[in-house]
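Notes to accompany the following structure.
Values below: every heavy atom of this structure, side chains too, minus hydrogens, waters and symmetry copies. The sequence lines fix the lettering, A, B, ..., with proteins before strands; numbering per chain opens at 1.
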Number of protein chains: 2
Amino acid sequence: MLNYSTSEENHIKAIYHLQKDGSVTTNELAAELKTRPASITDMMKKLRTKKLVHYEAYKGFRLTAEGRKLALIIIRRHRLWEFFLAEKLKFSWEEVHEVAEDLEHVSSKKLIDKLDEYLGFPRFDPHGDPIPDAQGRIETSKQVCLTELPPGKQGIVCYVSDQSSGMLELLGHKKIGMGTRVEIRKRFSYDQSMEIKVKQQITTISGDLARNIFVKYDE
Amino acid sequence: MLNYSTSEENHIKAIYHLQKDGSVTTNELAAELKTRPASITDMMKKLRTKKLVHYEAYKGFRLTAEGRKLALIIIRRHRLWEFFLAEKLKFSWEEVHEVAEDLEHVSSKKLIDKLDEYLGFPRFDPHGDPIPDAQGRIETSKQVCLTELPPGKQGIVCYVSDQSSGMLELLGHKKIGMGTRVEIRKRFSYDQSMEIKVKQQITTISGDLARNIFVKYDE
DNA sequence: AATTAAATTTAGACAAACCTAAAAAAAATA
DNA sequence: TATTTTTTTTAGGTTTGTCTAAATTTAATT
Ligand SMILES: [Mn+2]
Ligand SMILES: [Mn+2]
Ligand SMILES: [Mn+2]
Ligand SMILES: [Mn+2]
């Protein structure tokens with residue numbers, strides 16, 4: 001019912017990641033997958049007959065609704081395994097991707113749904129990317145530490161790792177809480193402190209504080 | 001350094017399981033892997049050039065030392081995943097094998113060693129089969145049917161061949177499970193029933209039950 | 001608009017892993 | 001031992017997924 005080869009899955013996933021809007025080109029996809037353009041053309045013809053991509057010669061390609069569904073299944077597997085590797089097996093966040101590249105192709109739905117449950121239905125992988133749920137729904141935002149919020153982007157505070165009373169006092173004073181919108185105005189590399197805009201006002205926060213605040217933002 | 005295809009790995013593992021002693025035949029292996037004899041011949045030629053099997057035309061094949069080492073690595077992966085699926089994800093005994101058939105081919109050594117550690121270095125998989133350690137050492141301790149456990153010897157339950165719900169109910173009632181210590185006190189040849197000591201208590205079990213329980217013991 | 005450059009597709013090939021059918025070798029039986 | 005049966009190998013094919021080199025289409029530049 002849902003049996004695609006590793007290569008087909010890798011192609012589908014790569015198209016998903018490349019197609020922000022508009023369509024993906026042969027060269028782009030070949031570069032992404034480290035294959036040759038001719039191989040991409042061959043694969044696109046196959047995926048077209050399987051109704052996973054829209055494709056006309058010389059006109060690039062995009063996923064069909066079904067192709068997108070498949071992409072989200074693969075991304076769900078990938079990110080759940082990454083979470084498992086980081087959280088349970090204590091891999092560092094740089095190491096998880098490579099191993100998840102293989103694990104993502106083990107296709108048992110039951111395995112993935114049970115893994116999801118075992119992990120407590122995590123919403124973001126170790127890189128802050130959202131994990132699609134069992135129905136293929138995915139959040140549009142990415143979760144990162146405030147220190148990595150691109151300056152100028154609106155972030156929404158969604159997690160604070162240190163919840164000591166000292167931290168809470170400081171957060172209260174800065175008027176920062178769950179759901180608060182923040183935006184980085186200026187960062188100082190000397191001590192990682194930064195000026196941020198909170199509720200129409202500019203405040204300065206230390207690197208120590210920033211490192212404990214996590215925000216969601218749309219890319 | 002250690003990069004074999006899924007098909008090569010499946011062949012090596014199957015030979016390991018079939019070669020109790022003496023060598024494995026083409027038809028045996030074809031039956032085991034559900035392929036055709038001609039395909040086996042092709043693969044044996046390839047594995048011979050890779051120095052994983054000893055093979056001469058018409059004379060069957062056995063693993064080389066290196067082939068055996070590889071087999072144990074694959075079996076280690078397989079059984080650790082089975083343990084993970086049963087223990088952590090709450091898969092039932094019958095379900096784990098199929099999924100582990102795929103997971104066993106993900107070849108990161110670090111993944112497997114960290115998984116092993118995370119699981120607490122389990123020594124047996126959910127079917128009672130021993131799990132090779134990171135050095136490829138595998139438990140040699142004999143596994144016999146309870147009917148063959150020498151009276152007076154301590155046995156440890158490690159495998160139950162019938163996993164029907166009726167059997168599970170009976171085992172639960174007798175307080176017998178994986179790892180339970182048992183000792184035969186008296187055997188009745190008339191109906192093969194026996195009195196055994198379980199958790200400081202004497203119980204009687206039927207021959208039908210005893211024949212489905214396997215134990216390991218030190219000689 | 002004509003020419004050049006870049007992107008894409010086609011043509012033809014190859015390795016991996018399987019297959020069927022026929023030939024050859026080994027084993028069993030008369 | 002001669003004959004028959006079984007097992008194994010060889011010969012030749014197919015599918016999947018990749019490649020290179022050449023042809024074609026599209027895009028960019030004079
Ligand atoms: Mn992949
Ligand atoms: Mn990730
Ligand atoms: Mn397998
Ligand atoms: Mn097992």
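Side-chain contact of A/E9 with A/T6: a donor-acceptor pair under 3.5 Å is absent, judged by distance alone. Counted by atom type alone, A/S141 and A/D218 present zero donor-acceptor pairs between their side chains at under 3.5 Å.
B/L29 places its CG atom 15 Å from the C1' atom of D/dT9, with the value rounded to the nearest Å.
Relative to the six-membered ring of B/F91, A/K114 meets both conditions, a distance below 6.0 Å and an angle of at most 45° to the axis.
Listed pair B/Y55 / D/dT9 meets the phosphate criterion, a side-chain N or O lying under 4.0 Å from OP1 or OP2. A sub-4.0 Å separation between OP1 or OP2 of C/dA7 and a side-chain N or O of A/T25 is absent. Note on A/S7: a side-chain N or O is less than 4.0 Å away from OP1 or OP2 of D/dT18.
Looking at residues 31-45 of chain B, you'll see B/P37, B/A38, B/T41, B/K45 sit with a heavy atom under 4.0 Å from some atom of DNA chain D.
Between B/F84 and A/W81, the two ring planes are tilted [angle within 30° to 60°].
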N/O donor-acceptor pairs under 3.5 Å from side chains in residues 56-63 of chain A, not counting sequence neighbours:
none

Short heteroatom pairs, N/O only, protein and nucleotides 23-29 of chain C, under 3.5 Å:
unit_1	atom_1	unit_2	atom_2	d
C/dA25	O4'	B/Y58	OH	3.3

| request: Let me see the working for B/W93 and B/H127 under ring-ring contact (aromatic ring centres under 6.0 Å, His included), right down to the final yes or no. | output: CA-CA 7 Å; B/W93 288 3; B/H127 308 103; 7.3 Å; no

